Protein chains: 2
Amino acid sequence: MRIERLSAKAEDYLETILRLSETPRGARTGDIAAALDVQPSTVSAALKSLKEQGLAEYTPYGAVGLTPKGRQVAEDIAGRHVSLRRFFTETLGLSQEEAELAACGMEHDATPLVLDRMGLLGDFLRQNPALLGQWHAARATAKGERAPGVESGLDELPPGVRAVVVGIDVDSGLRKRLVEMGVTPGVLIAVERVAPLGDPIAVEVRGYRLSMRKAEAARIRVKWRPGLI
Amino acid sequence: MRIERLSAKAEDYLETILRLSETPRGARTGDIAAALDVQPSTVSAALKSLKEQGLAEYTPYGAVGLTPKGRQVAEDIAGRHVSLRRFFTETLGLSQEEAELAACGMEHDATPLVLDRMGLLGDFLRQNPALLGQWHAARATAKGERAPGVESGLDELPPGVRAVVVGIDVDSGLRKRLVEMGVTPGVLIAVERVAPLGDPIAVEVRGYRLSMRKAEAARIRVKWRPGLI
DNA sequence: TCGAAATGTTTGAGGACCCAAACAATAGCA
DNA sequence: TGCTATTGTTTGGGTCCTCAAACATTTCGA
C-alpha cells in the first residue's frame, strides 16, 4: 500500500518511537536520541518531518506519538526486526547481540517472502527435536566452538534442543526451587524461548515450564549431543 | 581492518565497478549509471570521491578501475551478495528475482557470522537429500503454492531435490539429446546448481551431469514428493 | 514561588546523495 | 582531416541527515 518507500532512517525513528511509547515514560526526544545514537536536535528535526508526512503526532515540548499510518509502518518494521532476530538466534544459533546487530540493519531490506521462508524453515527444524539437535550439533562442530558433548551453561543452549543437566552452581534460593521442580543432575532440560533482550529465559523440564534470568540459567550446567529426545 | 565503514552507496559503486571491469567493455561511466539507476553526472561525482578515498583509479574520460583496497572491499561485498542469493534460492527456495532483490539490500548489513551460519544450514540440509525434499515439501505445502506431487517444470525444482520425469515437451534437438542421456519418463532427475542469473541450469540424471538453458528445463515436466531419493 | 538544572528547539553549517542542463572530450564516419 | 554523435564532466541547485551552539521551555528542589 505504501507507494513511496520510506527511508531507512525514517523507519528507524518510527520503530523507536513505537517501542518507547509503550514504556511508562513515553517517547521523549532525549530517549529517542539516545536510542538512535544521534543528537537531540536531530530528533527534533526528524519529528517535524515525520509530522509533515502524517506519520507522527507531535507538539513542541509535548508528547510524541504515532498516527495510525505511522503506527502501521512502525509495527511492520518491528515485526521484521523480531522475525529476523528470532531466525538468527533460534534457527542459526547466534547470540542475542550478534542477532540484534544484524537484524537492525537488515530489517529495512528483508522482503516479506524472505521473512516468511525463514520462519517456515525454523518451524520445520523445531518441529523435529532430533533434527534440530543434529543441526545445532553440525554447526557447532563445524567451527569447533562448542562441540556437542561438551558442557555449557543452560543460557548457551539453542532453544528447542534437549540437554542433560550435569550440575547446578547455585548457592541457595534458586537451587532449592530448582530441586523442587525436579531439576537435578541427569534430567533432560530444554530452553523453550528466550525473550527478545536475552532475558528472561523460558525453560521446560519434566513438563514444567519455568522462567529464569539469564544469569541464573548460566549456573545450570548442561551437556548435549545430537539425537537427545 | 576497515576502521570506518563505507556507506552502502559507496559499496554499491565498488561492487558495480568490479563486476563491469570484468567485461570486455570495462567499467564505463554510463554503464555504471545504468546499473545503479542514477544519472551519469552522479557517477562522475562518485568516482571522484572514491578516488579521493583511495578506492578507485580514475582519470577523467579515461578508464575506471579499482585500487587493491577498493577491490578488496568490492570482492567482500560481492561475496556477501552471492552468499545471500544462494541461501535465498537454494535453501529458502525463492525465485532468482526475489533473491536478487533481497540480497541487493541486505548485503550491506549481513554480518560474516550470519552469512557463515546460513551457509552451514544450507549445507546441512543438502547433505541429506531426503531431508531437503521434506523441507521443500513442507514449505511448498505451507502456502499451497506448488504442493509436492504436483507436476511442474524442471526449472522450478529447488536444487538438490530429486523428482521423477513425467514427460518432455520438446519438439526436437534437445529431446533427442535428452533421450540419449537417459532422460525419459520415470527416471529420477535433480537440479544440481543454477547459475547466478538463473541460466544455465546444471542437471544431474543417472550419474550424468548436463547443462541446459532455463527455457529448455521448463520443457521437462517433473513431479516430486518428499522422501524421493 | 522562584530560580537553577534538565530537557527540548532553532539556527547555521556541512557532508553525502541526487538531478538537469550546460559544457567538454572522444570516437567514428565522411 | 574535419564534423557530428556519443559519451563524460562540471555547475548549480535540491533533499535528507547530521552536528554544535545558542536559545526556549519545563521540571523540580529549596
Side-chain angles (χ1 to χ4, degrees), chain A residues 2-17 20-21 23-65 70 73-74 77 104-105 107-109, chain B residues 2-17 20-21 23-66 70 73 77 104-105 107-109:
Chain A
R2 57 187 154 110
I3 312 294
E4 193 84 20
R5 245 204 80 190
L6 288 174
S7 72
K9 295 295 179 181
E11 290 183 344
D12 282 337
Y13 279 105
L14 292 174
E15 188 186 6
T16 304
I17 293 168
L20 290 176
S21 57
T23 67
R25 234 175 112 75
R28 301 185 55 167
T29 302
D31 295 343
I32 299 171
L36 294 175
D37 196 27
V38 295
Q39 295 308 116
S41 60
T42 305
V43 175
S44 274
L47 289 174
K48 207 157 60 174
S49 162
L50 290 174
K51 184 182 179 175
E52 280 163 7
Q53 292 173 74
L55 296 165
E57 285 160 349
Y58 160 68
T59 45
Y61 297 102
V64 178
V73 175
I77 296 297
C104 239
E107 63 190 356
H108 303 292
D109 295 287
Chain B
R2 57 187 153 109
I3 312 291
E4 193 84 19
R5 245 206 79 190
L6 288 174
S7 72
K9 296 293 179 182
E11 290 182 344
D12 283 336
Y13 278 105
L14 292 174
E15 188 186 7
T16 304
I17 293 168
L20 290 176
S21 56
T23 67
R25 234 175 113 74
R28 302 184 55 167
T29 303
D31 295 343
I32 299 171
L36 294 175
D37 196 27
V38 295
Q39 294 309 116
S41 60
T42 305
V43 175
S44 274
L47 290 174
K48 206 157 61 175
S49 163
L50 289 173
K51 183 182 181 176
E52 280 164 8
Q53 292 173 75
L55 297 164
E57 283 160 349
Y58 159 68
T59 47
Y61 297 101
V64 178
L66 295 173
V73 175
I77 296 296
C104 238
E107 64 190 357
H108 304 291
D109 295 287

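Given the structure is predicted, the values throughout are model-derived calculations rather than measurements. Here is the naming used below: chain letters follow the sequence lines, and residue numbers restart at 1 for every chain.
Here the shortest heavy-atom pairing between I17(B) and L47(B) reads CD1-CD2, 3.9 Å. Considering every non-hydrogen atom in both D12(A) and E107(A), the closest pair reads OD1-OE2, 3.7 Å. What you find for G70(A) and L14(A) is that their closest heavy atoms are O-CD1, 4.3 Å. The two atoms that bring D109(B) and G105(A) nearest to each other are OD2-O, 3.5 Å, heavy atoms only.
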Would you tabulate the nitrogen or oxygen pairs shorter than 3.5 Å linking the protein to nucleotides 24-27 of chain D?
| unit_1 | atom_1 | unit_2 | atom_2 | d |
| --- | --- | --- | --- | --- |
| dA24(D) | N3 | Y61(A) | OH | 3.4 |

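At whole-Å resolution of the value, CG in L36(B) and C1' in dC19(C) are 15 Å apart. Atom OH of Y58(B) is separated from atom P of dA25(C) by 13 Å (rounded to the nearest Å). We find that CZ of R5(A) is positioned 15 Å from P of dC16(D), with the value rounded to whole Å. Rounded to an integer number of Å, the gap from CD of E52(A) to P of dC17(D) is 12 Å. Note: CG (L20(B)) to P (dG8(D)) measures 12 Å, nearest angstrom. In this structure, I32(B) atom CD1 and dT7(D) atom P are separated by 14 Å, rounded to whole Å. Between the P atom of dC17(D) and the CD atom of Q53(A) lies a distance of 8 Å, rounded to the nearest Å.
Checking dC19(D), dG8(C), dT9(D) against every side-chain atom of Q39(A), the shortest atom distance belongs to dC19(D).
With rounding to the nearest 0.5 Å, the separation of CG in L6(A) from CG in L50(A) is 8.0 Å. For the atom pair NE2 (H108(A)) and CD (E15(A)), the distance works out to 7.0 Å, reported to the nearest 0.5 Å. Note: T29(B) OG1 to Y58(B) OH = 5.5 Å, rounded to the nearest 0.5 Å.
Residue S44(A) is classed as a base contact, given a heavy-atom separation below 4.0 Å to a base.
Each side chain to side chain donor-acceptor pair (under 3.5 Å) pair with one or both residues in residues 45-57 of chain B, not counting sequence neighbours, appears once here: S49(B)-Q53(B).
Here the side chains of V64(A) and V43(A) are not in contact, with every heavy-atom distance at 4.5 Å or above.
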* Asked: Which nucleotides of nucleotides 11-17 of chain C have their base under 4.0 Å from a protein heavy atom (B), which only their sugar-phosphate (S), and which neither (-), written as one string 5' to 3'?
  -> ------S
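Projected onto DNA chain D by closest heavy-atom contact, D37(A) and D31(B) fall at different nucleotides, the more 5' of which corresponds to D31(B).
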